[in-house]
Amino acid sequence: MSAPSDIAALNEKLDSLIDLISRAVPAAPVPADFEAADAFVWSPNPGELMPVAKVNRVDIALLCAVSHVRDLLLDNTRRFAKGLPANNALLWGARGMGKSSLVKAAQAAVNTELGSSTLKLIEIHREDIESLPKLMTQIRLAPYRFIVFCDDLSFDHDDTSYKSLKAVLEGGIEGRPENVLFYATSNRRHLLPRDMMENERSTAINPSEAVEEKVSLSDRFGLWLGFHKCSQDDYLDMVRGYASHYGLGVDEEKLRAEALEWSTTRGSRSGRVAHQFIQDLAGRLGKSLD
């Protein structure tokens with residue numbers, strides 16, 4: 001018969017073994033409660049959709065100087081929410097011109113129009129792209145429509161995760177689920193740095209085929225929306241729109257002069273710079289931007 005001390009030592013080893021196993025085996029993902037929110041963030045480990053109580057976005061009416069692309073994306077989103085054919089969308093171009101803001105605003109605007117919350121927004125981070133198939137498994141059969149959104153999407157040297165995205169968008173045997181669209185923003189039209197494309201041309205046995213494989217990723221997006229640097233008039237329209245929306249009540253000439261000075265010190269004009277100026281101005285006036 002084993003001594004009590006031997007049994008205690010054995011139990012201690014078993015407890016340690018169980019603890020090690022529990023750490024090695026990931027916990028089962030918690031099923032998403034899609035009624036909890038209109039927007040979620042995808043966490044690939046263990047594979048959960050985390051609800052976002054308050055989305056950081058602006059009203060779509062405040063997105064000035066991008067009215068053409070705004071209307072195109074809004075129409076595409078509206079058709080998708082109604083169950084009609086729609087395209088994956090790539091919003092590319094100048095920094096700070098409202099690419100990600102437009103995606104979030106379009107989803108909210110369409111839900112408001114339809115008087116429902118059937119259109120859900122799921123943000124996936126760039127580094128989690130390879131987990132897209134796992135995400136598709138979770139939402140494929142859900143009774144909702146989903147926009148899967150990746151902000152600032154691009155791929156660098158030796159990065160092969162773009163292949164997972166290509167398969168999900170169009171190329172896989174299952175294809176893209178009927179209730180899913182993919183929206184992405186990028187500073188690069190083809191999602192790849194120019195030197196990467198030139199390097200492929202110079203080192204590949206068949207340069208055109210090597211580049212074609214990578215450039216074909218952007219071809220999976222049926223809707224390309226270009227965002228370009230804004231003019232001074234566009235910038236001032238943005239500032240006036242924000243000032244009016246938030247009721248800042250600043251004299252027109254004073255607002256114009258301070259806004260131009262702000263953009264000059266930043267060396268840039270964009271929607272982001274306009275909003276940063278408004279935040280500074282509201283702070284100096286002691287007013288909230290709620």
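These values consider heavy atoms only, across backbone and side chains, with no hydrogens, waters or symmetry-generated copies. Note that this is a predicted model, so its numbers are computed, not measured.
No side-chain heavy atom of Asp38 sits under 4.5 Å from any side-chain heavy atom of Leu121. Within the 4.5 Å cutoff, no side-chain heavy atoms of Phe277 are placed close to those of Arg266. Residues Cys150 and Glu123 fail the side-chain proximity criterion, which asks for heavy atoms closer than 4.5 Å. Side chains of Leu236 and Leu255 form no contact here, defined as non-hydrogen atoms less than 4.5 Å apart. Pro44 places a side-chain heavy atom less than 4.5 Å from the side chain of Trp42. Contact of the Leu223 side chain with the Leu90 side chain is not registered, since no non-hydrogen atoms from C-beta on lie closer than 4.5 Å. Taking 4.5 Å as the limit, some side-chain heavy atom of Lys82 sits within range of a side-chain heavy atom of Leu114. Counting only heavy atoms from C-beta outward, the side chains of Ile122 and Ile147 never approach each other to under 4.5 Å.
Trp92 and Thr185 share no donor-acceptor pair across their side chains, judged by distance under 3.5 Å alone. Using modelled atom types, one finds a donor on one side chain and an acceptor on the other under 3.5 Å when comparing Tyr183 with Asn76.
Atom-to-atom distance recorded for Ile60:CD1 and Arg70:CZ is 6.5 Å, nearest 0.5 angstrom. Between the OG atom of Ser131 and the CE atom of Met136 there is a distance of 9.0 Å, given to the nearest 0.5 Å. A distance of 11.5 Å separates OG of Ser263 from CE of Met238, quoted to the nearest 0.5 Å. In this structure, OG in Ser186 is found 9.5 Å from CG in Asp151, a value given to the nearest 0.5 Å. Of the inter-residue distances, the one linking Ile124 atom CD1 with Glu130 atom CD reads 10.5 Å to the nearest 0.5 angstrom. Here the OG atom belonging to Ser43 is positioned 7.5 Å from the CG atom belonging to Asp128, to the nearest 0.5 angstrom.
Among residue pairs with one or both ends in residues 99-115, those qualifying as side chain to side chain donor-acceptor pair (under 3.5 Å) are Arg57-Gln107, Arg78-Glu113; sequence neighbours excluded. For residues 93-151, the set of pairs meeting the ring-ring contact (aromatic ring centres under 6.0 Å, His included) definition, not counting sequence neighbours, comprises Phe34-Tyr144, Phe34-Phe146. Pairs passing the side chain to side chain donor-acceptor pair (under 3.5 Å) check and including a residue from residues 227-236, sequence neighbours excluded, read Ser231-Asp234.
Asn179 places a side-chain N or O within donor-acceptor distance of the main-chain N or O of Ile139, the cut-off being under 3.5 Å. Looking at Asn87, its side chain never comes within 3.5 Å of a backbone N or O of Ala89 through a donor-acceptor pair. Here the side chain of Lys120 pairs a donor or acceptor atom with the backbone of Ser117 at under 3.5 angstrom.
Heavy-atom neighbours of Arg95 CZ from other residues, nucleotides or ligands within 6.0 Å: at or below the threshold of 12. Atom CG of Asn56 is surrounded by 12 or fewer heavy atoms from other residues, nucleotides or ligands within 6.0 Å. No more than 12 heavy-atom neighbours from other residues, nucleotides or ligands sit within 6.0 angstrom of CD on Glu261.
Between Gly226 and Val69, the closest heavy-atom pair is O-CG1, 3.7 Å. For Trp262 against Val273, the heavy-atom pair with the smallest separation is NE1-O, 3.5 Å.
Residues passing the side chain to side chain contact (heavy atoms under 4.5 Å, CB included) test with Pro51, sequence neighbours excluded: Ala36, Ala37, Phe40. Annotation: side chain to side chain donor-acceptor pair (under 3.5 Å) contacts of Thr118 (sequence neighbours excluded): Ser116.
Tracing side-chain contacts under 4.5 Å through hydrophobic residues (I, L, V, M, F, W, Y), one reaches Leu119 starting from Leu74; they form part of the same cluster. Hydrophobic cluster membership differs between Val55 and Val110, with clusters built from Ile, Leu, Val, Met, Phe, Trp and Tyr side chains linked at under 4.5 angstrom. Both Leu73 and Val58 belong to a single network of hydrophobic side chains, linked directly or stepwise wherever heavy atoms of I, L, V, M, F, W or Y lie under 4.5 Å apart. Put simply, Leu102 and Phe221 are part of two different groups of oily side chains (I, L, V, M, F, W, Y) that touch within less than 4.5 Å, one to the next. Residue Val250 is grouped with residue Leu62 when hydrophobic side chains (ILVMFWY) are merged at heavy-atom distances under 4.5 angstrom, including chains of intermediate members.
For Glu252 and Arg240, the salt-bridge test passes: some basic side-chain N is under 4.0 Å from an acidic carboxylate O. Electrostatic pairing of Glu258 and Lys254 counts as a salt bridge here, judged by a charged N lying under 4.0 Å from a carboxylate O.
Both tests do not hold together for Arg176 against Phe182: distance to the six-membered ring centre under 6.0 Å, angle to the ring axis within 45°.
Hydrophobic clustering, defined by side-chain heavy atoms of Ile, Leu, Val, Met, Phe, Trp and Tyr closer than 4.5 Å, leaves Leu84 isolated from every other such residue.
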